[in-house]
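All remarks here apply to the structure that follows.
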Amino acid sequence: MASPNAQQEVIIEHLDGPALVIAGAGTGKTRVITHRVARLIEQGVPPSAILMVTFTNKAAEEMRSRVEGLLRAPAQGRAIVAGTFHSVANRFLRRYATRVGFQNNFTILDESDARDLIKAAMGEVVGKEMGKGIGRKFPAAGVVQSVLSMAFNRDLPLATLLRLDYPWLMEFEPELERIRALYKRKKAGNNAMDFDDLLANWLLLLQQNPEIELARQLRYLLVDEYQDTNIVQAQILELLAREHRNLMVVGDDAQSIYGWRGANFENIFGFPKRFGGAVYRLEENYRSTPPILELANESIARNQSQFAKHLVTIKTGSERPEVIHVMDQNEEAELVIRRILELCDRDLALRDMAVLYRSHVQAAVLQLRLTERGIPFVIRSGIKFFEQAHIKDSLAFLRIVFNPLDEIAWMRLLKLLPGIGNATAQRIFKVFLEQRAVRLSRENLALEKALPAKAREGWGRLTATFREILPEGMAPAEMIARVVAGFYKDVLYTQFDNPREREADLGFMAEFAGRYRSLERFLNQLALVGSTVIRDHEESANGEQDQLTLTTVHQAKGLEWEAVFLIGLADGEFPHARCLEPPERLEEERRLFYVAVTRCKRHLTLTVPLVSSGFGQRQICRPSRFVEELRAEVAEVTKLAGVDELRPYQGFRSTLSVEL
């Protein structure tokens, strides 16, 4: 392992007092943290007096292992208190839970257990029939769980959160408040805590019991990825450090990209004002070539709220990043594949390349094209686009139109209705089989008998939607649009906590389906490349196989590749249309762009599609402002044939309506 550089050595030698370390992308922050811990122990600090906090258990173990290697003393490394915020909270509460109203043998509820308890509270507050499916507007338990957790992590009143991020749920604010209160009582009665409670009760413990032994024992605190902390986590750290003030936080304000899930940018930006102490900068980058850093530095410099820094590199290389304007996602996918194959011809492995994007929908066409070409890939950021629940739900309608006795499709749709589970769905489908037809009319007595009373309203809307899409010759794109408008939009806004994103996905599906006039051809295409072959890729994925990586930028943070393709750089897509105002949201989007380009070591390609998708509508949009604001000198700009003939839309891509 290389020796620390001059900037790192100064930080490693810092002993007492608060310190903020601004660690630019690829500048070796893990080395700094582990070397400083080793240095503290060499200076006589007991290992048990040191706390290292990270955001994953894997990172905590890696740091502990590195410290052990530096000290050549595993026992000392084991004595360090290290872990995630939640694991350290558990350590405190297992000893002192009685001081905050719980027994020390409390149960930790995982997400599934917590959701079940919320569902029980919902049953008492709004009735057992609510929240189980369409036909009733009250949100599902998973949505309620996300809303309550987000209110806690962002430290916002529930009414404020609903107004800002869930306006379609504002009418339910009184019921949600009662559910939250009852859920809290149920947890206390069960001697149980969910993940948010671990932090809330740790904070309460420290506020009410500043003298507890474990807190006084920890004299040196080191926190990684501090820019990702929320308000509660920052308050916990300040209470732990209130006497000795030996708090060193390491992070990069330019990589603060999780505000949407509760991370508070002000924690890192306001640290010097709250604590004073030293501010160090790590600016020597070990990852990227000079042209890539030049682009990254120029982009992030436009943010007003930041610590001034300028990354420099020890690497060599003169290949400038490419900005390529393409017509649409089809042309974008073909271009990316062509460049990938060119890099393979230059002996670059697929595992050393990645395609990054702002949202899943931007990679949907690319997934299909990669599968058609037999190029193996793995997605880090969730399941494949065409395997997502809302995509498969909407396509179930089309599958039934094509084959009315498609059991799998019917099971998906029937279980969306209130009061219908597996057994009831099977009974209803058995009626279809016995009649050798799907008779949806009210006069079907056998069907009426199998259908629960609470499902009848939803069944009526389901059958009305089928009547809308049954006319012979209707194009698949029109069918999808009518499914969403007539039935599935209510599902989106009651069953999912990110309905607007999923509605946009369905808009893309309609646009994609617009290439097919034949329902049979459309479904065959999806069956062949959207399911079977892609699943083969998933099942064969392992660390040894040479595969291309596809990932959202959020999931790519902390990773690096020799070649990066950043796709979908259209205004309204990246930056996202909902992040253009207020200014702090746009600045977070620019930080996200900065994170994306700094994942790249050597070959960086940015693609700009100028035609966007919607519900069967193709709309010309402007290139991302993050591309347009770059000086011509920092990138090679190419426009493929036909792009110059487009007249850009003078405004931002309109978002889909969210009114219910």
Side-chain angles (χ1 to χ4, degrees), residues 1-12 14 19-36 54 59 62-63 66 224-228 248-257 268 279-303 306-323 348 352-354 356 549 551 553-566 590-606 626 630-631 633-636:
M1 181 183 295
S3 300
N5 63 35
Q7 286 182 335
Q8 294 170 342
E9 192 61 46
V10 171
I11 301 167
I12 291 166
H14 179 98
L20 168 64
V21 179
I22 303 299
T27 56
K29 64 181 177 63
T30 302
R31 178 188 300 174
V32 167
I33 294 172
T34 53
H35 275 76
R36 180 171 184 257
T54 71
E62 179 185 350
M63 288 188 180
R66 288 198 191 188
D224 190 19
E225 303 286 7
Y226 185 67
Q227 77 281 347
D228 294 337
M248 175 178 281
V249 299
V250 182
D252 185 3
D253 59 299
Q255 297 186 70
S256 179
I257 60 174
I268 189 167
V279 177
Y280 301 105
R281 286 172 173 78
L282 293 174
E283 299 172 303
E284 192 167 322
N285 178 280
Y286 291 87
R287 177 184 299 151
S288 306
T289 58
I292 293 173
L293 290 188
E294 183 181 8
L295 186 153
N297 285 328
E298 178 169 315
S299 178
I300 200 64
R302 291 181 174 269
N303 274 7
Q306 65 172 312
F307 292 101
K309 70 181 78 67
H310 189 84
L311 296 184
V312 296
T313 183
I314 63 171
K315 298 186 73 172
T316 59
S318 58
E319 178 182 322
R320 288 199 297 169
E322 285 188 288
V323 174
L348 192 64
D352 294 326
M353 296 182 253
L356 276 55
T549 296
T551 178
V553 182
H554 285 101
Q555 290 289 330
K557 185 172 173 290
L559 305 175
E560 60 184 34
W561 295 272
E562 288 287 333
V564 166
F565 298 86
L566 179 57
R590 188 176 283 108
R591 294 194 294 267
L592 189 62
F593 179 77
Y594 173 85
V595 167
V597 300
T598 54
R599 300 308 94 202
C600 184
K601 296 181 181 180
R602 191 169 300 275
H603 309 286
L604 177 62
T605 303
L606 314 177
F626 300 152
L630 297 172
R631 289 180 298 114
E633 292 80 8
V634 303
E636 297 280 355

Is any side-chain heavy atom of [X] less than 4.5 Å from a side-chain heavy atom of [Y]?
X: Lys601; Y: Lys315; result: yes
X: Gln306; Y: Ile300; result: yes
X: Met248; Y: Val250; result: yes
X: Arg631; Y: Glu294; result: yes
X: Glu298; Y: Leu630; result: yes
X: Ile22; Y: Tyr280; result: no
X: Leu606; Y: Val597; result: yes
X: Ile314; Y: Glu284; result: yes

For Glu62, give me all partners under side chain to side chain contact (heavy atoms under 4.5 Å, CB included), at least two apart in sequence or on another chain.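 Partners of Glu62 under the side chain to side chain contact (heavy atoms under 4.5 Å, CB included) test: Arg66.
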
Under the side chain to side chain contact (heavy atoms under 4.5 Å, CB included) test, which residues partner Ser288, sequence neighbours left out?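 Ser288 satisfies side chain to side chain contact (heavy atoms under 4.5 Å, CB included) with Asn285, Ile292, Leu293 once adjacent residues are dropped.
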
Nearest 0.5 angstrom please: [X] [atom1] to [Y] [atom2], how far?
X: Leu311; Y: Thr27; atom1: CG; atom2: OG1; value: 7.0 Å
X: Leu356; Y: His554; atom1: CG; atom2: NE2; value: 11.5 Å
X: Thr551; Y: Trp561; atom1: OG1; atom2: CH2; value: 6.0 Å
X: Glu562; Y: Cys600; atom1: CD; atom2: SG; value: 8.0 Å
X: Ile11; Y: Leu282; atom1: CD1; atom2: CG; value: 4.0 Å

Within the side chain of Arg591, is there an N or O that forms a donor-acceptor pair under 3.5 Å with the backbone of Gln255?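 No, the answer is negative, given that no donor and acceptor are paired below the 3.5 Å cut-off.
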
In chain order, what residues pass the salt bridge (Lys or Arg N to Asp or Glu O under 4.0 Å) check against [X], with sequence neighbours excluded?
X: Glu283; result: none
X: Arg36; result: none
X: Arg281; result: none

Carefully, step by step, assess His35 and Glu9 under the rule side chain to side chain contact (heavy atoms under 4.5 Å, CB included). CA-CA 9 Å; His35 275 76; Glu9 192 61 46; over 6 Å; no

Taking atom types as modelled, find out whether Gln227 and Glu225 have a side-chain donor-acceptor pair closer than 3.5 angstrom.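 Yes, side-chain donor-acceptor contact under 3.5 Å.
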
Heavy-atom pair with the smallest gap, counting every atom of [X] and [Y]:
X: Phe593; Y: Leu295; value: CE2-CD2, 4.1 Å
X: Gly317; Y: Pro291; value: O-CD, 3.3 Å
X: Val553; Y: Val595; value: CG1-CG1, 4.1 Å
X: Met63; Y: Asp224; value: CE-OD2, 3.2 Å
X: Gly251; Y: Ile268; value: C-CD1, 3.8 Å
X: Ala596; Y: Val564; value: O-CG1, 4.3 Å

Give a yes or no on whether a salt bridge exists between [X] and [Y], defined as a side-chain N under 4.0 angstrom from a carboxylate O.
X: Glu319; Y: Arg602; value: no
X: Arg320; Y: Glu636; value: yes
X: Lys557; Y: Asp228; value: yes
X: Lys29; Y: Asp252; value: no

Residues that Phe307 engages under ring-ring contact (aromatic ring centres under 6.0 Å, His included), provided they are two or more places apart: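 Applying ring-ring contact (aromatic ring centres under 6.0 Å, His included) to Phe307 gives Phe269.
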
Check whether NZ of the Lys or CZ of the Arg Arg31 lies under 6.0 Å from the centre of the six-membered ring of Tyr286 and within 45 degrees of that ring's axis.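 Checked: cation-pi criterion met.
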
